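Structure first, commentary second.
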Amino acid sequence: MLAETEVNHVGEGIALVAAESREAVEAALAAIEIEYEPLPAVLAMEEAFDKQQFITHWKIRRGDVKAAFAQADVIIENTYRTPYQEHAYIEPNGMIAEPDGMGGVTVHGSLQCPFYVQKAVAAVLGFGLNQARVVQTVTGGGFGGKEDAPSVPGAMVALLAVKTRRPVKLMFTREDDMAVMSKRHPGIIKYRTALKRTGKLLGVEVVYILDGGAYATLSPAVLWRGINHAAGPYRCANAHVDAYAVRTNKVPCGAFRGFGEPQIVFAAESQMDMAAEALRMDPVELRMKNALDTNDETITGHKLTSSVGLKEVIEKVVRASDWENKRRSYGRETGRVRRGIGVAACYYGVGLGSLGKFLNPAGADVVVSMDGTVTLAVGTTEIGQGMITVLAQIAAETLGCPLEHVRVMPPDTNRVPDSGPTVASRTTIMSGNAVREACLKIRDHMKTVVHGTSLPWPEQVRLCVENQIHLAAQGWAVPPKTTYDPETGQGEVYITYSFSANVVEVEVDMDTGEVRATRIYTGHDVGKVINPTTGEGQIEGGAIQGLGYGLVEEHATQGGRILNNQFSTYIIPTPMDTPEIVPIIVEQEYPWGPYGAKGLGETPIIAVAPAVTNAIAQAAGVRLFEIPATPERVWQGLREKYGTPED
Amino acid sequence: MERQKIEIHCVINDRPTTVRFDPTRRLLDVLREKLYLTGSKEGCGKGECGACTVIMNGKPVDTCLIMGFQAEGATITTIEGLEQDGRLHPLQEAFMDCGSVQCGICIPGMIVAGKALLDENTEPTLEEIKYGLAGNLCRCTGYVKMFEAVRQAGRRIDAESVGGEKPTAAATLNGAPETDESLRRYRPQTLDEALQRLAQHGASLRCVAGGTDILVKAKDGQCSTQSLFDVSAIAELRAVRAQGDRLWVGSGATHDDVVRSPLMREYAPALVDGCAIIGGPQIRNRGTIGGNLGNASPAADSVPALYTLEAEVEIVSLKKQRVAPIEEFFLGPGKTVLQPTELIRGVSFAKRPQMRGAFLRLGQRRAQAISKVSLAASAQMEGRRFRYLRLALGAVAPTVLRARKAEEILLNEGWNAKSLKAARQAVKQEAKPIDDLRSRQDYRREMCAVLLERALTAVAGPV
């Protein structure tokens with residue numbers, strides 16, 4: 001929690017100060033003098049890679065890659081770079097702790113994963129988990145940034161509260177939050193793709209490097225998800241992939257929506273477009289030829305037996321966007337502002353998969369009160385993604401009660417068993433199944449006195465109360481088994497997959513290199529959409545975060561310090577930067593999911609950036625191997641291709 | 001050490017309100033911590049996210065960039081004031097119906113900004129909605145369901161004639177106690193009062209008007225909020241008017257005042273363009289011409305146009321008045337000729353008939369952007385010749401820069417392909433850009449030529 005002998009990155013905590021006013025805290029901080037002895041630092045991820053400062057190394061060894069490349073008609077080989085991405089939740093991190101007067105401590109805070117904070121608090125204080133109670137407050141955005149990162153401030157306030165025997169509050173300023181909290185890992189991806197003339201993807205050879213920063217945090221898990229999706233949503237019988245997270249003396253990177261996929265998917269989907277160009281094939285056609293379908297195997301050798309909606313998703317976005325006409329006509333533009341249209345696809349293993357299996361289950365506690373109102377407690381959190389609505393719907397549907405009767409309580413580690421983190425697009429499927437199970441148990445209890453659901457709900461409850469029926473139950477969802485062999489990277493690594501494809505239209509200003517996205521058609525196979533409005537909301541929000549990632553968002557560092565740690569210098573899209581968005585939902589039901597649902601939180605962000613750069617390539621004839629596609633980078637590409645204006 | 005508390009009187013959510021607080025507190029702190037109006041949120045403290053937006057005197061503003069004492073006498077509507085007689089405002093209903101809310105932290109500011117927009121126009125176009133909400137950031141929703149909610153709310157207001165009316169002014173401050181004497185120390189009512197105080201304590205005071213720069217610096221620890229001295233209550237500084245054959249813009253005129261002024265639209269179109277693109281609505285409603293000058297950023301968006309209008313800066317102190325041509329006013333980034341005892345009273349420039357103008361800039365995004373490079377052009381045309389032409393470049397030198405060589409070429413040779421080419425070359429030589437966080441030197445230099453061509457095409461037509 002605090003550095004003891006060595007500070008490994010700018011912003012690492014050294015001491016804690018609590019006081020009664022902000023002014024007093026600032027005065028106390030100013031009075032602390034620290035003498036540093038400079039130590040050698042490794043700042044560039046290339047240097048860390050060369051020095052083999054590996055946090056983790058994962059691999060995939062599938063088929064015979066040498067033979068695949070030997071048979072290839074076309075080989076595409078490139079190196080890609082992706083930037084830091086800041087979560088930019090509008091509410092910075094904040095925590096309050098108070099001693100509970102019974103030898104324990106209660107922490108309230110803006111967070112995604114109460115059980116992570118609970119473990120951190122207990123570890124720092126030497127408490128049992130039952131002395132460390134964590135309650136989530138309404139949380140102003142997370143996107144992965146409040147997955148493990150809040151554990152540190154949570155433990156800090158808990159320690160101060162226990163030491164001072166008083167409540168303690170810690171609020172991050174925006175500047176501190178951006179300077180020291182976790183971010184999406186910058187990446188370098190060296191990618192080789194082998195294809196037959198027919199368009200068949202023969203194999204891939206990839207080296208995937210992520211800049212983990214000074215501490216491991218979630219880098220192994222982020223990297224693992226990335227490697228598991230390294231070839232994109234395509235059949236790929238031969239693969240040789242090495243993935244490394246490297247240690248540098250910079251802010252630790254961690255979870256961010258997409259979790260290691262956006263970086264490698266940018267590379268994989270750029271490769272597909274260049275392959276299509278080399279094969280003189282339409283980019284959609286090439287993708288359709290290789291798209292995963294029922295009974296196909298993923299790059300980890302996972303045979304997909306149900307709920308594989310990729311082709312349907314691609315077909316629908318292609319139709320909605322009028323792809324064929326636009327692709328034909330946009331390719332011929334000659335004006336100062338030129339239009340382009342691009343496509344990219346991805347898939348996403350739902351839930352934690354075989355790496356996180358001890359965190360996989362989720363619980364729910366459902367109580368029907370005598371008046372028929374329903375109280376629902378779960379261990380996953382609402383962070384804007386719509387969990388409360390979705391779980392209330394599942395409870396109402398399963399119990400047969402009016403939706404307005406259901407109240408979802410703020411997550412509290414004292415109330416439900418450890419339900420794992422609110423990440424990995426797992427909440428609808430895991431907590432949803434737990435809620436459904438608890439509600440089915442209650443219906444089962446009710447069955448002895450209530451036959452069917454024809455009576456009005458309050459009437460049913462009254463009958464049960466009169467007959468002393470137990471109107472409460474707990475649910476516990478344990479997902480189907482997954483497998484993994486770390487030597488080959490093969491296994492049925494996730495329970496199921498969501499699929500997505502985007503078509504993006506852009507306008508490129510050939511003089512300034514400015515890129516404006518005008519439309520995003522974004523399709524997702526989510527199994528079953530529990531709430532179409534919140535589902536669309538996830539898709540639209542992810543599309544704009546993905547657009548920011550593709551066009552404007554990046555951190556600059558100097559000497560390991562983040563230079564642009566405020567909203568005027570870390571640029572996220574404003575309302576003025578927002579294009580038309582057309583969300584498309586496909587429902588190929590997943591049998592184990594609640595009402596057939598899979599997950600939707602993350603697919604919306606993953607394949608936006610490559611669709612943008614693929615569209616830029618068509619519009620301007622400039623291929624970008626690094627995002628974001630800033631005007632300066634596009635302009636550089638235009639100059640290299642067309643030369644400088646004569647003036 | 002305890003500072004002496006001050007007291008202000010204002011109308012908040014239709015209720016006359018008196019509140020005492022430490023003079024270093026921002027309006028946002030006063031609302032949240034003194035009045036328990038915690039709907040307004042702090043997402044950045046620098047006027048960048050809009051989560052703390054309220055409507056003050058009819059305009060959306062960021063309360064993190066307003067000192068508490070600056071709200072003396074104001075009429076304020078916060079998110080808590082939108083509900084009327086237990087009924088939600090149509091915008092609140094529409095935000096729920098359209099699924100416009102995800103995590104919720106930006107929503108109070110977003111809805112208040114939407115209300116300010118609908119108070120003026122219940123049938124905004126999509127582009128007007130985007131422009132009206134441009135001062136508010138949301139990271140969850142991708143905005144589109146908010147646009148739809150604003151549109152629907154406008155229709156509901158039209159249909160029901162409820163909720164969208166301007167503040168009723170039912171509650172006023174009539175009969176309220178006199179302004180606290182201690183408050184006048186921070187907030188003089190007349191220019192004389194201000195100048196007297198500056199004459200005595202100028203070196204230890206920092207003038208604040210819109211607060212859109214100085215309170216950002218205060219948050220970064222570059223100045224203390226204890227030294228702030230509010231000149232925004234001085235009515236005469238707010239004027240925009242004709243004065244004989246010149247036009248006069250008070251230093252306290254906001255960017256929004258300039259954009260709305262018919263005089264400015266007619267005689268200073270480049271300045272109107274520049275003011276219209278600054279920040280978002282909240283910044284334009286508070287940020288002032290005097291502030292943009294005093295802050296002396298080479299990337300200031302109202303300044304290049306003032307160069308092209310050959311504006312003069314009127315500087316006053318208790319003892320004397322002086323006038324500085326705008327090019328002599330700036331000494332470098334953040335540096336001007338202004339002395340601690342002096343105030344910028346306003347700027348003036350000649351009233352030239354049939355003035356055409358344009359201000360173009362490149363930023364990192366389409367709103368709330370700091371210019372990477374900008375160019376203002378003001379011109380009077382006689383056929384294909386320029387009777388008057390001034391060009392100024394922003395963000396490519398330590399101060400804004402006149403592009404004199406390019407002007408000379410165009411004034412001599414008129415508007416044609418040859419002169420354009422020569423002017424493009426000249427302007428690239430005149431710029432002295434650097435590499436920084438926002439852009440690159442070579443890009444900026446090249447873009448000076450692109451913006452020159454585009455601005456001149458806008459004012460003079462195609463070559």
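Treat the numbers as computed from the prediction; the structure is a model and nothing was measured.
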task = For the pair B:Lys428 and B:Asp442, find out whether any cationic side-chain nitrogen is under 4.0 Å from an anionic carboxylate oxygen.
result = no

request  = Check each atom of A:Ala543 against the heavy atoms of chain B and say whether the ones under 4.5 Å are side chain, backbone, both or neither.
outcome  = neither

message = On the six-membered ring of A:Tyr84, is A:Arg184 placed so that its NZ or CZ lies under 6.0 angstrom from the centre and within 45° of the ring axis?
response = no

ask   = If you count heavy-atom pairs under 4.5 Å with chain A, which of B:Val450, B:Asn136, B:Leu133, B:Leu137 comes out on top?
value = B:Leu137

key: Largest heavy-atom contact set with chain B, pairs under 4.5 Å, which of A:Glu26, A:Glu23, A:Glu382, A:Gln385   = A:Glu23

key: Approximate separation, where rounding is to 0.5 Å, of B:Gln364 CD and B:Ile370 CD1   = 7.5 Å

request  = Answer with side chain, backbone, both or neither: which region of B:Glu453 has an atom nearer than 4.5 Å to a non-hydrogen atom of chain A?
outcome  = side chain

request  = Flag the one option from A:Glu580, A:Met178, A:Glu514, A:His87 with the top tally of heavy-atom pairs under 4.5 Å to chain B.
outcome  = A:His87

message = Quick test of your reading of the model: are B:Arg151 and B:Glu128 salt-bridged, counting only N-O distances below 4.0 Å?
response = no

Matching residue for A:Glu632 among B:Arg444, B:Lys372, B:Arg438 - test: side chain to side chain donor-acceptor pair (under 3.5 Å) = B:Lys372

inquiry  = According to salt bridge (charged side-chain N to carboxylate O under 4.0 Å, His left out), does anything in residues 104-114 of chain B pair up with another residue at least two apart or in another chain? List the pairs.
reply    = none

request  = Could you pull out the closest heavy-atom pair between B:Val427 and B:Ala403, with the gap in Å?
outcome  = CG2-CB, 3.9 Å

key: Sidechain-backbone polar pair: B:Asp62 side chain, B:Leu65 backbone, donor-acceptor under 3.5 Å   = no

inquiry  = With chain B as the partner, which of A:Trp635, A:Phe567, A:Tyr89 has the greatest number of non-hydrogen pairs under 4.5 Å?
reply    = A:Trp635

ask   = Side chain, backbone, both or neither: which part of A:Thr534 has a heavy atom under 4.5 Å from chain B?
value = neither

inquiry  = Checking B:Lys145 against A:Glu536 for the salt bridge (Lys or Arg N to Asp or Glu O under 4.0 Å) test, could you report, in this order, the C-alpha distance in whole Å, the side-chain angles of both residues, the deciding distance, and whether it holds?
reply    = CA-CA 9 Å; B:Lys145 292 199 186 308; A:Glu536 283 178 12; 2.6 Å; yes

key: Under 4.5 Å from any heavy atom of chain B - which part of A:Arg336   = side chain

key: Interface moiety of A:Ile383 toward chain B, non-hydrogen atoms closer than 4.5 Å   = backbone

inquiry  = As an exercise: rank A:Gly142, A:Gly141, A:Pro631, A:Gly513 by heavy-atom pairs under 4.5 Å with chain B and give me the winner.
reply    = A:Pro631

Option in B:Glu42, B:Lys219, B:Arg139 with maximal non-hydrogen atom pairs under 4.5 Å from chain A = B:Arg139

request  = Heavy atoms only, distances under 4.5 angstrom: which of A:Asp511, A:Ile544, A:Thr173, A:Thr630 has the most pairs with chain B? Name it, please.
outcome  = A:Asp511

ask   = Which answer fits A:Asp176, side chain, backbone, both or neither, if we ask what part of it has an atom under 4.5 Å from a heavy atom of chain B?
value = neither

Contact winner vs chain A - B:Lys41, B:Gln368, B:Lys46, heavy-atom pairs under 4.5 Å = B:Lys46

query = By a 4.5 Å heavy-atom criterion (distance strictly below it), what part of A:Glu86 contacts chain B: side chain, backbone, both, or neither?
reply = backbone

ask   = Given a strict heavy-atom distance threshold of 4.5 Å, which part of B:Thr141 is in contact with chain A: side chain, backbone, both, or neither?
value = backbone

ask   = Would you find more than 12 non-hydrogen atoms of other residues, nucleotides or ligands less than 6.0 Å from A:Arg639 atom CZ?
value = yes

